[in-house]
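Remarks on the structure that follows.
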Amino acid sequence: MPAQWTPFVSVGEYDITATNLRRRWAKLHAGDQEAWPTNPKVAAAWVLFHRGEFGKAAQAGLKLGAEGSTVTNKATCVYATYLEPSEKVRRELFLQVAQRSAEQVAAEPNNANAFYWQAYALARYSQGISVAKALAQGLGGKVKTALETAIALQPLHADAHVALGAFHAEVIDKVGTLIGNMTYGAKKTTSLALFARALELTPQSQLAMMEYANALVMLEGDSRMDEATALYERATQIPALDAAQRLDVEMASAELED
């Protein structure tokens, strides 16, 4: 864990408490289908996460051992993706999550989010070292298998559909359609179908819209740029329900400005 966590500057804007989190849970976790925690201490760690206190959430989850693994991993991944300024620290954080998730997978082989966060962390790490290099190291197969397992365990896991759709698109973008299909089983039709399903499951997901937009451009080039831009614009117009979604909206806005 980093010695100093870059703070999320709008913590006070999300009035999520131990009292109201249960009522908001289904909407906040529509994408990952995480079950409501029976341990109040785990729920308290999730309150910190949704408010944007990612460092505190991760540390609180760590203290809870296996029960706190998912909140620790999600808080760490969201922080590393959006707020950590150092590429080196980002990669270290993703590797830590991948290791914790591998241990969680071994202990809880039916936990879809254990597989999902393992895949997410490895995918983000791969982007940090270059997707081509990661594929050469065999990380692509691990990401694909983990995401497919997450979806098999929890078919309503929209975020896993998004991540797997992005995997297919990135592989094709980096190595081409033929090699992508023959070597990694990556297919354009599969990618597009996964995004369609994700948006069917979570039509208000800013993350799904942004990743779908990226995939359209990777798979079909400038001919889909207008559609991709429209998806980014739509993502900026959907109100964020918590800090993590706020970071998605801010990223969509930044992409549009570029």
Side-chain angles (χ1 to χ4, degrees), residues 1-105 107-108 111-114 116-125 128 159 205-207 239-251 254:
M1 292 292 175
Q4 184 70 39
W5 292 67
T6 300
F8 170 69
V9 296
S10 304
V11 168
E13 292 189 22
Y14 296 95
D15 182 29
I16 296 171
T17 66
T19 304
N20 66 31
L21 178 60
R22 182 70 182 90
R23 187 172 67 252
R24 302 183 185 187
W25 188 263
K27 286 186 177 181
L28 288 169
H29 289 272
D32 65 12
Q33 292 293 303
E34 178 71 9
W36 171 253
T38 54
N39 184 340
K41 291 183 178 179
V42 178
W46 280 112
V47 169
L48 293 169
F49 168 82
H50 290 297
R51 285 174 51 81
E53 299 179 80
F54 300 116
K56 290 180 180 178
Q59 296 293 348
L62 274 178
K63 291 176 183 175
L64 296 169
E67 273 191 294
S69 290
T70 301
V71 66
T72 294
N73 290 337
K74 187 166 187 174
T76 303
C77 282
V78 169
Y79 169 79
T81 300
Y82 295 103
L83 294 173
E84 174 52 51
S86 164
E87 177 60 37
K88 180 175 182 290
V89 174
R90 268 199 299 276
R91 290 199 298 265
E92 290 171 353
L93 289 173
F94 288 133
L95 285 177
Q96 289 172 18
V97 171
Q99 179 58 41
R100 271 196 306 271
S101 297
E103 294 168 1
Q104 191 179 12
V105 161
E108 304 175 53
N111 186 329
N113 275 323
Y116 173 72
W117 289 112
Q118 180 185 37
Y120 183 99
L122 288 175
R124 292 297 189 194
Y125 173 78
D159 290 352
S205 171
Q206 301 96 337
L207 175 66
L241 300 178
D242 72 348
Q245 290 186 17
R246 170 70 169 271
L247 290 168
D248 286 329
V249 171
E250 290 179 354
M251 176 171 278

Going by atom type alone, with no hydrogens or angles, which donor-acceptor pairs under 3.5 Å involve a side-chain atom of residues 35-42 and a protein atom two or more places apart or on another chain?
unit_1 : atom_1 : unit_2 : atom_2 : d
Asn39  : OD1    : Lys41  : N      : 2.8
Asn39  : ND2    : Glu67  : OE1    : 3.0

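Side-chain N or O atoms of Ser69 include one that pairs as donor or acceptor with a backbone N or O of Ala66 at under 3.5 Å. Under the 3.5 Å distance criterion, the side-chain polar atoms of Tyr79 are left unmatched by any main-chain donor or acceptor of Phe8. In terms of modelled atom types and a separation under 3.5 Å, the side chain of Glu84 and the main chain of Thr81 share no donor-acceptor contact.
Partner of Asn113 under the side-chain hydrogen bond (donor to acceptor under 3.5 Å, both in side chains) criterion, out of Gln33, Glu34, Gln104: Glu34 alone.
Shown here are the side chain to side chain contact (heavy atoms under 4.5 Å, CB included) partners of Ala60, two or more places apart in sequence or in another chain: Ala45, Leu48. Partners of Phe54 according to the ring-ring contact (aromatic ring centres under 6.0 Å, His included) rule, which considers only residues two or more places apart in sequence or in another chain, are Phe49. For Leu95, the side chain to side chain contact (heavy atoms under 4.5 Å, CB included) criterion is met by Tyr125, not counting sequence neighbours. Taking the side chain to side chain donor-acceptor pair (under 3.5 Å) definition, one finds that Thr17 meets it with Asn20, sequence neighbours left out.
With values rounded to the nearest 0.5 angstrom, Thr70 atom OG1 is found 7.0 Å from Glu108 atom CD. Of the inter-residue distances, the one linking Gln206 atom CD with Met251 atom CE reads 12.5 Å to the nearest 0.5 angstrom. For the atom pair CD of Gln99 and CD of Gln118, the computed distance is 9.5 Å after rounding to the nearest 0.5 Å. Rounded to the nearest 0.5 Å, atoms CG (Leu122) and OG (Ser101) are 8.0 Å apart.
Using a 4.5 Å heavy-atom cutoff, the side chains of Arg246 and Ser10 are in contact. For the pair Trp117/Val105, no side-chain contact is recorded, criterion being any heavy-atom separation below 4.5 Å from C-beta on.
Applying the salt bridge (Lys or Arg N to Asp or Glu O under 4.0 Å) definition to pairs two or more places apart or across chains, those involving residues 22-32 are Asp32-Lys74.
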*Applying salt bridge (charged side-chain N to carboxylate O under 4.0 Å, His left out), run through Glu103 and Arg100 and close with a yes or a no.*
CA-CA 5 Å; Glu103 294 168 1; Arg100 271 196 306 271; over 6 Å; no

